[in-house]
Amino acid sequence: MPELPEVETSRRGIAPFLVGHSISEVIVRDHRLRWPVNPDLPAILAQQPVHQIRRRAKYLLFDCNTGTLLLHLGMSGRLRVLDSHQPLYADKHDHLDIVFDNGYRLRYTDPRRFGAVIWTYEPAEQHPLLSHLGPEPLEADFDADYLLEKATKRQVAIKTFIMNAEIVVGVGNIYASEALFMAGIHPKMITATLKRIQALKLVDAIQAVLGKAIAAGGTTLRDFRDSEGNPGYFAQELKVYNRAGQGCRQCGHPIELFRQANRASYFCPVCQRL
DNA sequence: CTGTTCTCCTGTGGGC
DNA sequence: TGCCCACAGGAGAACA
């Protein structure tokens, strides 16, 4: 479910309630996430202040005194902040609560349990899950020169390439399709044939689509909700994703759908060229 | 090494 | 209404 804009929307929603406050209690109702939740987590986190909540790729990083809590939402994860006046009934998939000493409670919900909650004592960026990640798409080191340099060494379809977190992080199936449409590039194009002008357009497109999606509070196709339970509004701005058979917003030709690397891939055969 | 496919899990929507 | 199948926003692991 969540790609970079949805994770960033969640971060912005929860941080004001939690940053600077200490954890008083951690309740793990189901430890069976992508990796089992460390049984010592409640003891480790108790009484620790959360100094900041950062995002790296699609991970949220809660910086504490002795280490960092890494949280990934997987496909169906959600975060909410409950206040002390709300009823504490826990639903079927409410797997974890982190209670803070100001009365707020961070609740992690994840029906498919593809998400992860991991404690690390080492600096977060040195953790094996983070240490091989590529640049953040919205930061300066992600540019056309970088993308071209990586692209010329590969023989992969461009959509697979930009969804590879070792190349650039945060671009999932929705925004990969959207960015390629904006850049006028066919999703099957082989990376090694990428021209400089296309690399420039693609970097611009990735940054533009992610930026607009963050501003809209993310994309809600079905599940995604921000920390207050509201949907994201970028779904209505999608140009190709989930629009198979509907007219291209630029040329009117029906949007096509095919399976690429086991994922749905949407494109306009007129506006996007190999 | 590169590139592709499989896998984890539950919920939902479409076809019959 | 019910049953069955295909598929869903991620990404590590296993495979060729």
Side-chain angles (χ1 to χ4, degrees), chain A residues 1-10 29-37 55-60 70-79 91-96 108-118 127-134 137 150-180 187-193 206 209-210 213-214 216-226 231-245 257-266:
Chain A
M1 168 221 319
E3 302 185 36
L4 186 150
E6 292 75 34
V7 178
E8 180 62 21
T9 296
S10 299
R29 297 187 194 82
D30 195 337
H31 68 278
R32 299 170 303 160
L33 302 184
R34 173 143 203 187
W35 294 280
V37 176
R55 180 189 56 74
R56 173 74 174 110
K58 296 171 189 166
Y59 291 90
L60 290 177
L70 311 178
L71 194 152
H72 196 292
L73 297 175
M75 289 273 267
S76 56
R78 275 192 217 173
L79 289 172
D91 235 327
K92 187 176 175 186
H93 301 300
D94 296 340
H95 304 315
L96 187 126
Y108 170 76
T109 306
D110 186 1
R112 293 175 75 178
R113 293 188 275 112
F114 286 175
V117 176
I118 294 167
H127 190 277
L129 288 169
L130 304 191
S131 61
H132 299 292
L133 293 175
K150 293 285 182 188
T152 49
K153 296 174 184 167
R154 304 249 181 168
Q155 295 288 331
V156 199
I158 191 76
K159 178 164 178 265
T160 311
F161 179 73
I162 60 174
M163 288 179 67
N164 181 348
E166 291 186 21
I167 302 300
V168 59
V169 302
V171 183
N173 204 34
I174 295 178
Y175 300 113
S177 280
E178 292 299 305
L180 288 169
K188 284 181 179 167
M189 175 184 229
I190 297 300
T191 51
T193 68
I206 289 171
V209 73
L210 294 178
I214 291 170
T219 299
T220 297
L221 290 174
R222 183 190 281 133
D223 295 333
F224 177 70
R225 293 289 128 106
D226 69 17
Y233 297 106
F234 197 70
Q236 57 210 66
E237 314 214 19
L238 296 175
K239 304 283 198 294
V240 290
Y241 191 89
N242 216 26
R243 295 195 67 245
L257 165 63
F258 70 106
R259 287 200 81 71
Q260 183 173 27
N262 270 321
R263 318 294 298 271
S265 202
Y266 300 85

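Residue numbering restarts at 1 for every chain, and letters A, B, ... go by the order of the sequence lines. We use all heavy atoms of the structure for the numbers below, so side chains are in, but hydrogens, waters and symmetry mates are not.
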Is there a donor-acceptor pair under 3.5 Å between the side chain of A:Asn173 and the backbone N or O of A:Ala264? yes
When the P atoms of C:dC7 and B:dT5 are compared, how many Å lie between them, rounded to an integer? 15 Å
Where DNA chain B forms stems, i.e. three or more consecutive Watson-Crick or G-U pairs with both distances under 3.5 Å: B:2-8 with C:10-16, B:10-16 with C:2-8
Considering only atom P, compute the distance from B:dC6 to C:dA6 and round it to an integer number of Å. 14 Å
Students often get this wrong, so: under 4.0 angstrom with heavy atoms, is A:Ala165 touching a base, only sugar-phosphate, or nothing? nothing
Note, A:Leu73 side chain near A:Arg78 side chain (heavy atom, < 4.5 Å): no
Between A:Arg34 and A:Phe114, is any pair of side-chain heavy atoms under 4.5 Å apart? no
Any donor-acceptor pair under 3.5 Å joining the side chain of A:Arg113 to the base of B:dC9? no
In whole angstrom, give me the gap between the C1' atoms of B:dT12 and C:dA11. 23 Å
Side chain of A:Ile174 only, please: which of B:dG11, C:dG9, B:dG3 is the nearest? C:dG9
With A:Arg55, which residues qualify under side-chain contact (heavy atoms from CB on, under 4.5 Å), at least two apart? A:Leu4, A:Val7, A:Glu8, A:Arg11, A:Leu60, A:Glu136
Do the side chain of A:Arg29 and the main chain of A:Asp94 share a donor and acceptor less than 3.5 angstrom apart? yes
Using whole Å, report how far CD of A:Glu166 lies from P of B:dG3. 11 Å
Distance in angstrom units between A:Arg154 CZ and B:dT4 P, rounded: 11 Å
Between A:Arg112 (side chain) and A:Ser76 (backbone), is there a donor-acceptor pair under 3.5 Å? no
Is A:Glu6 reaching over with its side chain to a backbone N or O of A:Glu3, donor-acceptor style, under 3.5 angstrom? yes
Heavy-atom nearest nucleotide on DNA chain C taken for A:Arg112 and for A:Leu129; more 5' hit belongs to A:Arg112
Looking at side-chain heavy atoms only, is the closest gap between A:Tyr266 and A:Asn242 below 4.5 Å? yes
May I ask you to decide if A:Lys150's main-chain N or O and A:Arg154's side chain share a donor-acceptor pair within less than 3.5 Å? no
Distance-only donor-acceptor test, A:Arg263 side-chain atoms vs C:dA8 base atoms, 3.5 Å: no
With a non-hydrogen cut-off below 4.0 angstrom, is A:Tyr59 in contact with a base, only sugar-phosphate, or nothing? sugar-phosphate
Atom CE of A:Met163 and atom P of C:dG9 are separated, to the nearest Å, by 8 Å
Could you tell me how far B:dG11 sits from C:dG12 if I compare only their C1' atoms? Round to whole Å. 23 Å
Starting at the 5' end of DNA chain B, which residue's closest nucleotide do you reach first, A:Arg222 or A:Lys153? A:Lys153
Less than 4.0 angstrom between a side-chain N/O of A:Lys92 and OP1 or OP2 of B:dG11, yes or no? yes
Expressed in angstrom and rounded to an integer, what is the separation of A:Asn262 atom CG from C:dG10 atom P? 14 Å
Roughly how many Å is it from CD1 in A:Ile167 to P in C:dA11, rounded to a whole number? 15 Å
Please report the distance, rounded to the nearest Å, between NE2 in A:His93 and C1' in B:dT12. 12 Å
Under 4.0 Å between a side-chain N or O of A:His72 and OP1 or OP2 of C:dA11? yes
So which nucleotide from C:dG12, C:dA8, C:dG9 ends up closest to the side chain of A:Trp35? C:dG12
What is the distance, rounded to the nearest whole Å, between atom CD1 of A:Ile118 and atom C1' of C:dG12? 11 Å
Report yes or no: is the ring centroid of A:Phe114 under 5.5 Å from the six-membered base ring centroid of C:dG10, with the two planes under 30 degrees? yes
Value in whole Å for how far the P atom of C:dC7 lies from CG of A:Leu221: 17 Å
Sugar-phosphate, base or nothing in reach of A:Arg32, heavy atoms under 4.0 Å: nothing
Does C:dG9 have its OP1 or OP2 closer than 4.0 Å to a side-chain nitrogen or oxygen of A:Tyr175? no
